[in-house]
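Note that these values count all heavy atoms, side chains included, but never hydrogens, waters or copies made by symmetry. Convention: sequence-line order gives letters A, B, ...; per-chain numbering from 1.
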There are 2 protein chains.
Amino acid sequence: MQLHRLVTFFKTIGDPTRLRIIKLLSQGPLHGQAIAGKLGLTPATITHHLKKLRDVNIVYERRDGNIIYFYLQPSVVQHYAHALLDLTEQNEVKKEMKEKFVERQKVIDNFFTSDGRLKNIPAQRKKKLIVLEHMLKGLKPGKRYTEKEINEHIKKFHEDYATIRREFIMNNYMYRENGIYELNPPEMWHKIDE
Amino acid sequence: MQLHRLVTFFKTIGDPTRLRIIKLLSQGPLHGQAIAGKLGLTPATITHHLKKLRDVNIVYERRDGNIIYFYLQPSVVQHYAHALLDLTEQNEVKKEMKEKFVERQKVIDNFFTSDGRLKNIPAQRKKKLIVLEHMLKGLKPGKRYTEKEINEHIKKFHEDYATIRREFIMNNYMYRENGIYELNPPEMWHKIDE
DNA sequence: TATCTAATTAGATATATATCTAATTAGTTG
DNA sequence: CAACTAATTAGATATATATCTAATTAGATA
């Protein structure tokens, strides 16, 4: 939804007379003169506001004989209300992702030296997975590696390549077939359950 | 929620600059000059808008050293979004009740003569229950009736008081003990399942 | 077709407000 | 306390708009 449409909608309902009309119509359809009477305003004024309400599609009309009844369209109102919610919820999701990222970064800062070597393998499962995933970064998805290549890669981080290589397999980050290693797609990895 | 508060809130967010500020702040807090820079406006203008945003409590501030950071308060925005939804949903409930009432009235008009006598007992269960409940109206809750009194009451609507009296009992509208009849409370009645 | 009525339009007026520049305030830091 | 800076306030201007009265239009009905 473009910003402009939201602005127009909220400007439209951000008026006491128009909100009163909405409330009135929420009880059922009414014709212009009736609305004017109930609100103590002239028909011309009501026309003015109805035009704006129609412009944002929250009101439609239907003729019955000589008089025109105006109806509220609740679904449109609900639609914009949800758009407003999204405007802030989108933010919540982003904030959550950001927090997760910060948390992971903290773990990585703690377990790797400034020149990028792993100090030791974390005991906590959650932290261990973060560390393993960090060491996975240099490997390319789809590329096939020999065991020797994998060992060399791991040794850039830590001497005990055997343990770490085993962890890669056990936690489903990679699979091995005939001594050839390959990255699994992320959706197959062991997820960190909070 | 008073109408006035809703109007003020929607008027506040019904402005392009303010909605842009809200969107910006939904990514994270910012200080005044930063907002002014990103929107291409002067700090004075930003102050003007922030004042209005604070007035409706969707923005709060926190000082860090020499600069003041402005934060969005998503819960307040969500609160008003829900109030907007309620404005239309309240209507849906009322409309439903009204429709049910109209439906019942139609059945009653069909099965009773203009002088209030029952033409015949409806075959459809749903309609029968509406008719029975209509004939229950003259009886007082809590009052104890003899069988003869019940019969007299029913005879005002229809000759076959025995059948109807039995229906009253079978559908749990009344109970009988030692030949004394009494109305059950409505929550015990047979409900009409659509 | 002529007439009636609800709705709309046109035009006037008063009020509200978004924005700017310039001056001032509040608060931090040396 | 003095100097600095971000934020606010004051005042001016231009634009938007809510409301009214009076005139006009659109549509239904006799």
Side-chain angles (χ1 to χ4, degrees), chain A residues 2-25 28-73, chain B residues 2-25 28-73:
Chain A
Q2 319 100 295
L3 205 74
H4 171 74
R5 292 180 73 84
L6 274 182
V7 170
T8 308
F9 175 81
F10 292 125
K11 186 176 292 184
T12 299
I13 66 170
D15 172 273
T17 303
R18 284 192 289 267
L19 253 204
R20 288 210 289 158
I21 292 176
I22 289 175
K23 213 169 173 186
L24 268 184
L25 293 186
L30 285 177
H31 60 277
Q33 312 252 335
I35 301 173
K38 293 201 182 223
L39 298 189
L41 295 169
T42 54
T45 302
I46 301 305
T47 294
H48 167 76
H49 290 298
L50 284 178
K51 194 188 307 183
K52 300 203 165 209
L53 292 171
R54 263 183 312 211
D55 283 349
V56 294
N57 295 310
I58 46 187
V59 153
Y60 65 95
E61 59 196 87
R62 197 190 276 178
R63 187 163 211 126
D64 182 21
N66 213 345
I67 65 193
I68 298 174
Y69 285 93
F70 296 91
Y71 292 74
L72 189 68
Q73 189 100 69
Chain B
Q2 319 99 296
L3 206 74
H4 172 75
R5 293 181 72 86
L6 273 182
V7 170
T8 308
F9 175 80
F10 291 125
K11 187 176 291 184
T12 299
I13 67 171
D15 172 273
T17 303
R18 286 192 287 268
L19 251 204
R20 289 209 289 159
I21 293 177
I22 289 176
K23 213 172 172 183
L24 269 183
L25 293 186
L30 284 175
H31 60 275
Q33 311 251 335
I35 300 173
K38 294 201 183 225
L39 298 189
L41 295 170
T42 54
T45 302
I46 301 305
T47 294
H48 167 75
H49 291 297
L50 283 177
K51 194 187 308 182
K52 298 202 166 210
L53 291 171
R54 265 182 311 211
D55 283 349
V56 294
N57 297 308
I58 49 185
V59 152
Y60 66 94
E61 59 197 89
R62 197 190 276 177
R63 188 164 210 123
D64 180 21
N66 212 344
I67 65 195
I68 298 174
Y69 285 93
F70 297 90
Y71 293 73
L72 189 68
Q73 189 99 69

Answer whether the closest heavy-atom distance between the side chains of Val59(B) and Arg54(B) falls below 4.5 Å.
-> yes
Contact nearer the 5' end of DNA chain D, comparing Gly32(B) with Lys11(A) | Gly32(B)
Using a 4.5 Å cut-off on heavy atoms from C-beta on, say whether the side chain of Asp55(B) contacts that of Thr8(B).
-> no
When Watson-Crick pairs (N1 to N3 and N6-O4 or O6-N4) and G-U wobble pairs (N1-O2 and O6-N3) count only below 3.5 Å on both distances, what is the dot-bracket string of DNA chain D, with | for other-strand pairs?
-> ||||||||||||||||||||||||||||||
Looking across every strand, which nucleic acid part, if any, lies under 4.0 Å from Arg54(A) by heavy atom: base, sugar-phosphate, or nothing?
-> sugar-phosphate
Taking side chain as C-beta onward, heavy atoms only, is Leu39(A) less than 4.5 Å from Thr45(A)?
-> no
Examine dT9(C): is either OP1 or OP2 under 4.0 Å from a nitrogen or oxygen in the side chain of Lys51(A)? Give yes or no.
-> yes
Heavy-atom side-chain proximity of Arg20(A) to Leu3(B) below 4.5 angstrom = yes
For atom CZ of Arg5(A), decide whether the heavy atoms of other residues, nucleotides or ligands shown that lie under 6.0 angstrom number more than 12.
-> no
Protein-nucleotides 19-22 of chain C N/O pairs under 3.5 Å:
{"unit_1": "dT19(C)", "atom_1": "OP1", "unit_2": "Thr17(B)", "atom_2": "OG1", "d": "3.0"}
{"unit_1": "dT19(C)", "atom_1": "OP2", "unit_2": "Thr17(B)", "atom_2": "OG1", "d": "3.3"}
{"unit_1": "dT19(C)", "atom_1": "OP2", "unit_2": "His49(B)", "atom_2": "NE2", "d": "2.2"}
{"unit_1": "dC20(C)", "atom_1": "OP2", "unit_2": "Thr42(B)", "atom_2": "N", "d": "3.3"}
{"unit_1": "dC20(C)", "atom_1": "OP2", "unit_2": "Thr42(B)", "atom_2": "OG1", "d": "2.9"}
{"unit_1": "dC20(C)", "atom_1": "OP2", "unit_2": "Thr45(B)", "atom_2": "OG1", "d": "2.4"}

Any chance you could measure Ile13(A), atom CD1, to Ile21(A), atom CD1, to the nearest 0.5 Å?
-> 13.0 Å
Give the rounded distance in Å between these two atoms: CD of Glu61(B) and C1' of dA6(D).
-> 12 Å
Ile68(A) CD1 to dA28(D) C1', in whole Å, measures 11 Å
Quick check: does any side chain N or O of Arg63(A) sit under 3.5 Å from a backbone N or O of Gly65(A), one acting as donor and the other as acceptor?
-> yes
Under a 4.0 Å heavy-atom criterion, the protein footprint on nucleotides 23-30 of chain C, written with B, S and -, is ----BSS-
Find out whether Leu53(A) and Arg18(A) are in side-chain contact, i.e. whether some heavy atom of one side chain is under 4.5 Å from a heavy atom of the other.
-> yes
Rounded to the nearest 0.5 Å, what's the gap from OG1 on Thr42(A) to CD on Gln33(A)? Could you check?
-> 10.5 Å
Supply the atom-to-atom distance His49(B) NE2 to Thr17(B) OG1, rounded to the nearest 0.5 angstrom.
-> 4.0 Å
Compare all side-chain heavy atoms of Leu25(B) with those of Ile58(B) and state whether any distance is below 4.5 angstrom.
-> no
